[in-house]
Amino acid sequence: VHGTLSECLFFFAEPRAMSALRKRPSALALHRPTTGPLDPQVLASLLLGTPVPDMQDVTDVRLLDVRETEEMAAGHIPGSEHVPFDRFPAYCDSVTELPPKATLVAVHCMYSDERGHRAAELLAARFTALGERKIVYFLSGGFHAWVNAYKDNPKLVVGFNPDQWMPTPDDSILFSGDVAEAAFA
């Protein structure tokens, strides 16, 4: 499967293609995009250079932040690349090379419930279209979970702006843009 992201996604959705792959299970495994959740503690350990069991081969982390610009202005993970979700399909189409095997690729949005998970699926499909099945992780709980755990660690959160976060009754914080959005919904 080669071509644009749209062609790749069509291939996965087209019934005859899926039927042919089901008859050859090894082909289905080869062409199925792979995503999975990434625990914030595991990512923090990798970023800090602490060994992580079952991930000894990881030598680099590539982190893509698909939040909106105003969300990223409230803080971000050091070294993350900002690609707003509305531009992510075009970004995926522009990827022409696979990252090295030892690179862990992870995507996150504010909560990784929708945008982060979908972005991981799109990027995994692109890697598959380039000829390799590679796991693309999405950060469990997104930046919200991350900032609640690590906001006081400058090695793990950069540009934290407390004015853009509101305390909650459970002693965590919530992005104020989400509170304003919920009030008008």
Side-chain angles (χ1 to χ4, degrees), residues 1-14 17-18 20-21 24-40 42-69 71-72 75-143 146 155-159:
V1 178
H2 296 282
T4 67
L5 179 63
S6 302
E7 291 167 341
C8 181
L9 292 176
F10 172 77
F11 176 82
F12 291 114
E14 211 280 321
M18 290 306 293
L21 288 174
R24 297 183 352 240
S26 60
L28 179 60
L30 175 66
H31 293 291
R32 181 178 43 219
T34 306
T35 63
L38 179 62
D39 184 277
V42 170
L43 179 59
S45 294
L46 290 169
L47 293 176
L48 294 172
T50 307
V52 176
D54 299 326
M55 291 197 172
Q56 297 89 339
D57 295 338
V58 174
T59 59
D60 191 24
V61 174
R62 181 152 183 217
L63 189 59
L64 300 165
D65 184 336
V66 299
R67 295 177 299 153
E68 298 302 320
T69 302
E71 292 172 315
M72 190 165 180
H76 62 275
I77 301 172
S80 60
E81 181 180 351
H82 184 225
V83 183
F85 184 74
D86 63 341
R87 292 188 295 202
F88 204 77
Y91 169 84
C92 288
D93 280 343
S94 74
V95 173
T96 59
E97 294 181 12
L98 292 162
K101 287 194 183 294
T103 300
L104 180 137
V105 179
V107 178
H108 78 87
C109 62
M110 187 60 83
Y111 300 99
S112 288
D113 291 333
E114 190 174 318
R115 293 176 295 175
H117 191 161
R118 183 72 184 124
E121 290 173 346
L122 289 170
L123 191 55
R126 181 61 180 166
F127 290 158
T128 299
L130 291 172
E132 185 175 319
R133 187 173 156 239
K134 182 169 182 67
I135 296 174
V136 178
Y137 294 92
F138 52 90
L139 182 62
S140 294
F143 189 73
W146 184 266
K155 292 181 179 180
L156 297 176
V157 176
V158 176

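Heads up: numbering here begins at 1 and tracks the sequence.
- Nearest heavy atoms, V95 versus L130: O-CD1, 3.8 Å.
- Minimum heavy-atom separation, A119 to V107: CB-CG1, 3.5 Å.
- Taking each heavy atom of G116 and C109 in turn, the nearest pair found is N-SG, 3.2 Å.
- Summarising the geometry, atom CG belonging to L156 is positioned 4.5 Å from atom CG belonging to L48; distances are rounded to the nearest 0.5 Å.
- Here the CH2-CD1 distance, from W146 to I77, works out to 5.0 Å after rounding to the nearest 0.5 Å.
- Remark: Q56 CD is packed, more than 12 non-hydrogen atoms of other residues, nucleotides or ligands lying under 6.0 Å away.
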Applying side-chain contact (heavy atoms from CB on, under 4.5 Å), run through E132 and F127 and close with a yes or a no. CA-CA 6 Å; E132 185 175 319; F127 290 158; 5.6 Å; no
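- Proximity of L47 to K155: side-chain heavy atoms (C-beta onward) are nowhere separated by under 4.5 Å.
- Here the NE2 atom belonging to H76 is positioned 8.0 Å from the CG atom belonging to D65, to the nearest 0.5 angstrom.
- When all heavy atoms of L139 and P40 are compared, the pair lying nearest together is CD1-CA, 3.8 Å.
- Under the rule for a side-chain contact (heavy atoms from CB on, under 4.5 Å), the partners of V52 that lie at least two apart in sequence or sit in another chain are V42, S45, L46, M55.
- The CG atom of L123 sits 4.5 Å away from atom CZ of F88, with the distance rounded to the nearest 0.5 Å.
- Going from atom CZ of R87 over to atom NE2 of H82 covers 7.0 Å, rounded to the nearest 0.5 Å.
- Contact detail for D86 and P89: the closest heavy-atom pair is O-CD, 4.1 Å.
- Shown here is E81, whose CD atom has more than 12 heavy atoms of other residues, nucleotides or ligands within 6.0 Å.
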Residues L64, V136; criterion side-chain contact (heavy atoms from CB on, under 4.5 Å); working and verdict: CA-CA 10 Å; L64 300 165; V136 178; over 6 Å; no
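- A donor-acceptor contact under 3.5 angstrom links the side chains of R133 and T34, judged on distance only.
- Rounding to the nearest 0.5 Å places CD of E121 at 11.0 Å from SG of C92.
- Cation-pi check for R118 over F85 is not met; the charged atom does not lie both under 6.0 angstrom from the ring centroid and within 45 degrees of its normal.
- Of the possible polar contacts, none joining the R62 side chain to the P99 backbone as a donor-acceptor pair under 3.5 Å is found.
- No donor-acceptor pair under 3.5 Å is formed between the side chain of K101 and the backbone N or O of D57.
- Scanning all heavy atoms of the two residues, the minimum distance from R67 to R115 falls at CA-NH1, 3.9 Å.
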